[in-house]
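When reading the values below, keep in mind they use all heavy atoms of this one structure, side chains included, and skip hydrogens, waters and symmetry mates. Read the numbers this way: they start at 1 and go in the same order the structure lists the ligands and their atoms.
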Amino acid sequence: MTDVSELAGSYWVVIPAYNEAHTVRDVAMRARQQCPHVIVVDDGSTDGTAEVLAGLDITVLQNEENLGKAGSLWRGFQHALARGASGVITLDADGQHTPEEIPLFLAAAAQDSSLFLLGARRRDQRRTWFWRYFANRVADFWIGWAAGFSVEDSQSGFRLYPAVILQDVSVRHDRARSFVFESEVLIEAVQKGFSCRSVPVTVLSRSGPRPSHFSPLADIAGITRMVAWRLLSRGFNLCGLWRVLWKIESRSDPHRVLRTHREQKTESR
Ligand SMILES: Nc1nc2c(ncn2[C@@H]2O[C@H](COP(=O)(O)OP(=O)(O)OP(=O)(O)O)[C@@H](O)[C@H]2O)c(=O)[nH]1
Ligand SMILES: [Mg+2]
């Protein structure tokens with residue numbers, strides 16, 4: 001099995017940041033202690049987010065205007081893939097995720113590098129914000145139904161995307177898709193035969209003064225529309241509903257994963 005510290009060099013960390021001047025430097029520095037390649041995508045911030053990162057040994061990509069979380073993640077993914085990343089670990093810039101937990105993802109990737117890893121925030125910590133928790137659980141149900149497995153925390157931004165998945169999925173990432181994108185990538189990856197596992201992580205309350213970018217009404221409505229469309233186009237995926245109700249975990253299609261690995265090897269020759 002591959003050593004976790006060896007793996008750290010082949011996974012890139014991508015941190016989308018929109019007006020996160022209060023927290024992003026600390027998050028980026030701590031992520032840099034875990035992995036040598038860290039990218040912060042400053043999404044047209046107006047509070048000096050890029051400036052506070054000066055002097056750090058990381059890559060800062062600046063969007064001239066706000067592209068939304070989806071567009072920023074996408075830009076970070078392309079940057080990392082173009083440099084040969086085996087996968088990308090994403091985490092939020094507001095300090096709610098703990099960069100020291102990155103090795104948990106690397107340890108799981110060491111066992112199976114094709115797994116989509118979802119940082120599942122501890123339920124007792126998420127319950128502190130009741131309505132948010134409730135909205136998330138509703139989203140978990142719908143997304144699980146569409147994907148066909150029981151999802152523990154579909155809205156977590158702490159994730160590991162293997163390169164094989166990023167190269168295979170094609171999902172809209174325009175500004176309107178901001179918080180829908182991460183749910184849709186998950187559904188598409190699983191529908192394409194990749195497997196997803198949860199990695200338990202901690203979640204802290206936001207310390208900075210800025211308001212949440214997540215709008216429970218608009219974003220949950222966007223996610224519901226996307227899921228409804230996917231369910232309609234798959235004849236309501238009754239098998240998926242059954243699997244969610246019985247809390248059945250995601251399983252991979254070994255042929256699909258093998259084929260993708262083979263295609264990748266042929267391309268890199
Ligand atoms: N690049 C970019 N990042 C964004 C945008 N909106 C949100 N983000 C980032 O996405 C991450 C998550 O946003 P949050 O507002 O914290 O959303 P959340 O964590 O789901 O919600 P809270 O629990 O209220 O914090 C943060 O790192 C933000 O800076 C955006 O328009 N562009
Ligand atoms: Mg947050």
Who's the nearest protein heavy-atom neighbour of atom 5 (C) of ligand 1, and how far? Y18 CB, 3.7 Å
Please lay out, stage by stage, how E184 and R172 fare under the test salt bridge (Lys or Arg N to Asp or Glu O under 4.0 Å). CA-CA 9 Å; E184 196 166 17; R172 270 179 55 193; over 6 Å; no
Does one side chain, of D94 or T23, offer a donor that lies under 3.5 Å from an acceptor on the other? no
For ligand 1, is G68 a contact, meaning one of its heavy atoms is under 4.0 Å away? yes
Any N/O pair V41/ligand 1 closer than 3.5 Å: no
Which of the numbered atoms in ligand 1 are below 4.0 angstrom from a heavy atom of S72? 1 (N), 2 (C)
Heavy-atom contacts under 4.0 Å between Q96 and ligand 1: side chain, backbone, both, or neither? side chain
Classify the ring geometry of F105 against F158: parallel below 30°, tilted from 30° to 60°, perpendicular beyond 60°. tilted
Identity and separation of the nearest protein heavy atom to atom 21 (O) of ligand 1: R132 NH1, 3.0 Å
Give the residue, atom name and distance (to 0.1 Å) of the protein heavy atom nearest atom 12 (C) of ligand 1. D92 OD2, 3.3 Å
With heavy atoms under 4.0 Å as the rule, classify the contact between N66 and ligand 1 as side chain, backbone, both or neither. side chain
Would you say the side chains of N136 and Q155 form a donor-acceptor pair under 3.5 Å? no
Is the backbone of F236 close enough, under 3.5 Å, to the side chain of W145 for a donor and an acceptor to pair up by distance? yes
Side-chain donor-acceptor pair under 3.5 Å between E101 and T202, yes or no? yes
Less than 3.5 Å apart, any donor N or O on the side chain of Q191 or R230 sitting next to an acceptor on the other? yes
Find all atoms of ligand 1 within a distance of less than 4.0 Å from any non-hydrogen atom belonging to E20, and give their numbers and elements. 26 (C), 27 (O), 28 (C), 29 (O)
Any atoms of ligand 1 less than 4.0 Å from a non-hydrogen atom of A93? List them with their elements. 26 (C), 27 (O)
Measure the distance from atom 24 (O) of ligand 1 to every protein heavy atom, then report the residue, atom name and distance (to 0.1 Å) of the closest one. S212 OG, 2.6 Å
When you measure from the side chain of D43 to the backbone of G68, do you find a donor-acceptor pair of N or O atoms at a distance under 3.5 Å? yes
Side chains of N63 and S72: any donor to acceptor distance under 3.5 Å? yes
What's the atom name of the N, O or S in D94 nearest to the Mg ion (ligand 2)? OD2
Tell me: protein heavy atom nearest atom 16 (O) of ligand 1, and distance? D94 OD2, 2.6 Å
Can you give me the closest heavy-atom contact between N19 and S45, atom names plus distance? N-OG, 2.8 Å
Top protein contact for atom 9 (C) of ligand 1, by heavy-atom distance: P16 O, 3.9 Å
Which of the numbered atoms in ligand 1 are under 4.0 angstrom from any heavy atom belonging to D43? 1 (N), 2 (C), 30 (C), 31 (O), 32 (N)
Is R243 reaching over with its side chain to a backbone N or O of G148, donor-acceptor style, under 3.5 angstrom? yes
Have a look at ligand 1 and work out which part of K69, if any, has a heavy atom under 4.0 Å from it: side chain, backbone, both or neither. both
Which residue holds the protein heavy atom closest to atom 14 (P) of ligand 1, what is that atom called, and what is the gap in Å? R210 NH2, 3.6 Å
Just need the protein heavy atom nearest to atom 8 (N) of ligand 1, so name the residue and atom and give the distance. H213 CD2, 3.6 Å
